[in-house]
Amino acid sequence: MEDVAAAAFDGGCRWVSLREKDLPAAQRRRLAETLLKRAEPYRARVGVHADVALAASLGLRGLHLPTGGDVAAAKRAVDPRCLIGCSCHSAAEIALAAAAGADYATLSPIFLTRSKPGYGPAVGLESLQTAAAGSPLPLIALGGIGIEQVRLCREAGASGIAVMGEIMRAADPAQTMRAMVRAWTEAEAPGNR
């Protein structure tokens, strides 16, 4: 994972979020420390999912909470520069995350995904567009996003994308990341049309 993350940083990724919930705490901490070292030359952000104590102790700049996570408690525990996001699956959940003080929300799954089976059905691009238009938070599209879907997500109004499978399965993660960044950059955000 460390090598894939380093390749992704080399390809233009500027935020990696560690989601290895099943790792023992000491191992997860070592992995987070390694990711921080790999991210440093790129000035990239490293975050963690649900582990408030780890985010606080390492001064991580990102913390992702599950739907309904206690954003206020997390904000009291972590570095003030830490961006806190929430997993959302509907416009109503996005509104709750915003009311709780989250900095961003993910909406998922946009497309069916092999890495998180059982999280369907896919919400689709139309729901992403509707949610993004009404979201008080930056909205990150998540789930089943490959190079072909990057442009579609940006044009639907996503503020960013979160990708796992496409990079983890790539023969050349840096090249795949570059292609995704290029697709994002070349796509038109809704306000630019």
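Starting from 1, each residue takes its place in the sequence as its number.
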Atom pair CD/CZ of Glu20 and Arg28 - distance to nearest 0.5 Å: 9.0 Å

How long is the span from the NE2 atom in His49 to the CZ atom in Arg19, to the nearest 0.5 Å? 6.5 Å

Whether Lys37 and Glu33 form a salt bridge (side-chain N of Lys/Arg under 4.0 Å from carboxylate O of Asp/Glu) is what I want to check. no

For Ala55 against Gly62, the heavy-atom pair lying closest together: CB-O, 4.5 Å

So, are Asp103 and Lys75 salt-bridged, with charged N and O less than 4.0 Å apart? yes

Answer yes or no: is there a donor N or O on one side and an acceptor on the other, between the side chain of Thr106 and the main chain of Ile140, under 3.5 Å? no

Test question: given the 4.5 Å side-chain rule for I, L, V, M, F, W and Y, name all other residues clustered with Leu65, or answer none. Met1, Phe9, Val16, Leu18, Leu23, Leu31, Leu35, Leu36, Tyr42, Val46, Val48, Val52, Leu54, Leu58, Leu60, Leu63, Val71, Val78, Ile84

Could you give the distance from OG (Ser108) to CD1 (Ile145), rounded to the nearest 0.5 Å? 9.0 Å

Results of ring-ring contact (aromatic ring centres under 6.0 Å, His included) for Tyr104 - residues two or more places apart only: Trp15, His64

CZ of Arg182 to CE of Met177, rounded to nearest 0.5 Å, is 11.0 Å

Locate the shortest heavy-atom distance separating Pro138 from Ser159; write the atom from each residue and the value. CA-OG, 3.5 Å

Can you confirm whether Gln175 is buried at CD, in the sense that more than 12 heavy atoms of other residues, nucleotides or ligands lie under 6.0 Å from that atom? no

Using a 6.0 Å cut-off, check whether atom CD of Glu40 has over 12 heavy atoms from anything other than its own residue. no

Members other than Leu96 in its cluster, when Ile, Leu, Val, Met, Phe, Trp, Tyr link by side-chain heavy atoms under 4.5 Å? none

Of all heavy-atom pairs between Ser90 and Leu107, which one has the smallest distance, and what is that distance? N-CD1, 3.6 Å

Write out all pairs satisfying side chain to side chain donor-acceptor pair (under 3.5 Å) with one or both partners inside residues 143-153, taking only residues at least two apart or from two chains. Arg151-Glu155

Using residues 161-168 as the side-chain source, report each donor-acceptor pair under 3.5 Å to any protein atom, sequence neighbours left out, with the distance given to one decimal.
none

The salt bridge (Lys or Arg N to Asp or Glu O under 4.0 Å) partners of Arg38 (sequence neighbours excluded) come to Asp3

Is there side-chain contact between Leu142 and Ile110, with heavy atoms separated by less than 4.5 Å? no

Check Cys13 against Ala44 and note the closest heavy-atom contact, atom names and distance. O-CB, 4.2 Å

Distance check, rounded to the nearest 0.5 Å: Leu137 atom CG versus Cys86 atom SG? 8.0 Å

Any idea which heavy atoms bring Ala7 and Pro173 closest together, and the distance? CB-CB, 3.8 Å

Could you report the tightest heavy-atom contact between Ala77 and Ala56, atom names first, then the distance? O-CB, 3.2 Å

